[in-house]
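First comes the structure, then the notes that go with it.
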2 protein chains.
Amino acid sequence: MLTEERYQFIRDRLAAEGKVLAGELASRFGVSQDTVRRDLRELAKSGQLRRVYGGAVAPAPFAAATIGQRGSHAVEEKLRLAKAAVGVLASGQTLFIDGGTTNEAIARAIPRDVELTVATNSLGVTSALADLPLVELIVLGGRYVRDLGTCVGGDTLAAVAQLGADLFFLGSCGLDASRGVTAFDSAEAEVKRAMARNSAGIVIAATSDKLATAAPYRVAAPDAIRHLVVDKTAPSAILADFERLGAEIHFA
Amino acid sequence: MLTEERYQFIRDRLAAEGKVLAGELASRFGVSQDTVRRDLRELAKSGQLRRVYGGAVAPAPFAAATIGQRGSHAVEEKLRLAKAAVGVLASGQTLFIDGGTTNEAIARAIPRDVELTVATNSLGVTSALADLPLVELIVLGGRYVRDLGTCVGGDTLAAVAQLGADLFFLGSCGLDASRGVTAFDSAEAEVKRAMARNSAGIVIAATSDKLATAAPYRVAAPDAIRHLVVDKTAPSAILADFERLGAEIHFA
DNA sequence: TTTCTTTGTGCACGTTCTTGCATGTTTTGC
DNA sequence: GCAAAACATGCAAGAACGTGCACAAAGAAA
């Protein structure tokens, strides 16, 4: 019995029934439960199932429902980034959070026992925070843009102008030590600029593919970044540039 | 029986019927009530349900006012109402839609090929419409109120004031032919009043338990209702009153 | 062929998780 | 106010789990 055969059987069984039991698989394959557990661990690592006590279940449909191509590896990376990014939070703070899948992951990673005031123009972030009892949630309305999952426009700008925040979690941007933070869309950039202007510090959690890239619209100067959350594969030369400009580097 | 299976069953049951009983779940699963209570505690910790004495109910934004009433029959009734309510729409119209489970059902029932401009302060309605390609969606931001699932406050009022709509889908209210439309919350009523003021006509889809009830805060006069969508069990005497006041009655 | 490395597997051990029971507390209905 | 039901908490037994290690089979290098 090849390992791959077991994998395929598990995948099929999950698709058909939604769950598998470790003990049942072991007796069916004629191997020890340890081997089955190793299989499950391996498949879980690539997001093909979710391990639970006693076996495994089909993965959450959450990934499929949301935006873009986000491979399973990128999900894990974003989750690690999100957990590290939450580390810069302190109870009682006021935050701006804008759009992007990384920011949605961060919002979902905020623990239930932290007291915060959060203003966001992202539908995903709003949904993620809507249930947290200690979060005072302010929705920044405006024209909803499907492709971004956020609100933009004059109404959004007006709402931002009335608020001030300790930290601004800035998402889905290009990031370059000389050009600073840049966005791909004009209206989006306007809102980000307003949020940056009304915040004491900017937090950016960047997957490694965002580093050293630039987009047309300028959002913030490179020295405006207070916290930069990256994974351990980020080139140290680039990080050194940001550190020199005053950013605090956090590794996921 | 995996723990996760019990979780899933509870989630499904809550979505369908709005409530679960600890004792009933225990006998169905073949485990002790202690285990069921532990499950409920766990799900409550992540906001997936709200614990009550004897079991649990669906979390705030969806439970709204009617906890015991929303059996699977009530869900079906709301679906029928929603389909009928969509009948009053015409392509090219501009709508206000506020909160409530009935309005969320209506939003989900809007077909993909209708061109509309929709302004809403409800998170559920926003989520329902976010994917429709022909709907220009305007999010009315403000302070998010967990129990209502909507935004209220001065910012919301200001955003409403800048817009005008053909129809206002008014939800989760008391409804009485002499007192008109009434709401349970002061801030909520303010927003509804503003929407009513800036709309040419009001549409109300009411489950039969809403008819001939009243709440403290006045929202609109009884003769402001243009379309009233009810099921066939609605008392004809009450409907006659509304019809005399100028409402058009639609049966689901 | 012989030797070494790689990979997959099973076993032993300690750890963590789940569960039912016992106990004491809180809530509900009368 | 009282009794019963529902609940929270601590505890112990057992199941499931992770890890390190040994062993065997397959292939590569000498």
Side-chain angles (χ1 to χ4, degrees), chain A residues 1-14 17-60 72-73 75-76 79-80 83 109 111-113 131 133-134 252, chain B residues 1-14 17-60 63 65-71 147:
Chain A
M1 161 78 68
L2 293 175
T3 307
E4 191 56 37
E5 290 182 81
R6 294 200 306 273
Y7 286 0
Q8 195 52 51
F9 184 90
I10 294 171
R11 274 189 286 256
D12 291 345
R13 191 64 169 266
L14 272 178
E17 304 193 12
K19 64 152 188 174
V20 291
L21 304 177
E24 186 192 332
L25 290 175
S27 61
R28 171 177 295 266
F29 294 146
V31 298
S32 73
Q33 295 207 13
D34 302 65
T35 300
V36 171
R37 274 193 281 271
R38 262 185 281 253
D39 291 346
L40 297 181
R41 227 174 303 171
E42 195 57 36
L43 289 170
K45 209 158 63 181
S46 55
Q48 301 184 59
L49 53 79
R50 189 164 59 86
R51 294 202 62 191
V52 297
Y53 199 84
V57 297
S72 54
H73 175 262
V75 169
E76 281 183 26
L79 256 174
R80 279 199 304 275
K83 279 180 187 159
R112 291 180 75 81
D113 58 355
D131 288 331
L134 298 183
Chain B
M1 161 79 69
L2 295 173
T3 306
E4 190 61 33
E5 290 182 84
R6 294 199 307 272
Y7 287 178
Q8 195 54 52
F9 184 91
I10 294 170
R11 275 189 285 256
D12 290 346
R13 193 64 169 265
L14 274 178
E17 306 195 7
K19 65 162 185 175
V20 291
L21 303 177
E24 185 191 333
L25 290 175
S27 61
R28 171 178 294 267
F29 294 146
V31 298
S32 72
Q33 295 207 13
D34 302 67
T35 300
V36 171
R37 274 191 280 270
R38 262 185 281 252
D39 291 346
L40 297 180
R41 226 175 301 170
E42 194 58 34
L43 289 170
K45 208 159 65 181
S46 55
Q48 301 184 61
L49 52 78
R50 193 163 58 84
R51 294 202 63 190
V52 296
Y53 199 85
V57 297
T66 58
I67 284 170
Q69 304 297 331
R70 65 134 77 201
D147 294 340

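Just so you know, these numbers come straight off a predicted model, no measurement behind them. In what follows, chains are A, B, ... by sequence order, proteins preceding strands, each numbered from 1.
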Distance in angstrom units between B/Glu5 CD and C/dT19 C1', rounded: 16 Å
Rounded interatomic separation in angstrom, taking NZ from B/Lys19 and P from D/dA6: 13 Å
Closest to side chain of B/Thr3, choosing from D/dG18, C/dT19, D/dA8: C/dT19
Between C1' of C/dG8 and CG of A/Asp39, the distance in whole Å: 10 Å
Touch class at under 4.0 angstrom, heavy-atom based, for B/Val52 against every strand present: sugar-phosphate
Value in whole Å for how far the P atom of C/dT19 lies from OH of B/Tyr7: 8 Å
Listed nucleotide nearest any side-chain atom of A/Ser32, set C/dG10, D/dC17, C/dG20: C/dG10
Out of D/dC17, C/dG20, D/dG18, whichever nucleotide has its closest atom nearest the side chain of A/Arg41: D/dG18
Test side-chain contact (heavy atoms from CB on, under 4.5 Å) applied to B/Gln48 and B/Tyr7, step by step: CA-CA 10 Å; B/Gln48 301 184 61; B/Tyr7 287 178; over 6 Å; no
Quiz item: B/Arg38 side-chain donor-acceptor pair to C/dG20 base, under 3.5 Å: yes
Derivation and outcome, salt bridge (charged side-chain N to carboxylate O under 4.0 Å, His left out), residues A/Glu4 and A/Arg11: CA-CA 10 Å; A/Glu4 191 56 37; A/Arg11 274 189 286 256; 2.8 Å; yes
Distance-only donor-acceptor test (3.5 Å): side chain B/Tyr53, base C/dT27: yes
Side chains of B/Met1 and B/Val31 in contact at under 4.5 Å (non-hydrogen atoms): no
Under-3.5 Å donor-acceptor pair between A/Asp34 side chain and C/dC11 base: yes
Nucleotide C/dG20, atom P - distance to CZ of B/Arg6 in whole Å: 8 Å
From B/Leu21 atom CG to B/Gln33 atom CD, the distance as rounded to the nearest 0.5 Å: 10.0 Å
Nearest-Å distance for atom pair CZ/P, residues A/Phe29 and C/dG8: 15 Å
Gap between atoms CG and C1', on A/Leu40 and D/dT19 respectively (whole Å): 17 Å
B/Glu24 CD - D/dA6 P separation (whole Å): 13 Å
Step-by-step salt bridge (charged side-chain N to carboxylate O under 4.0 Å, His left out) determination, B/Arg13 to B/Glu24: CA-CA 12 Å; B/Arg13 193 64 169 265; B/Glu24 185 191 333; 2.6 Å; yes
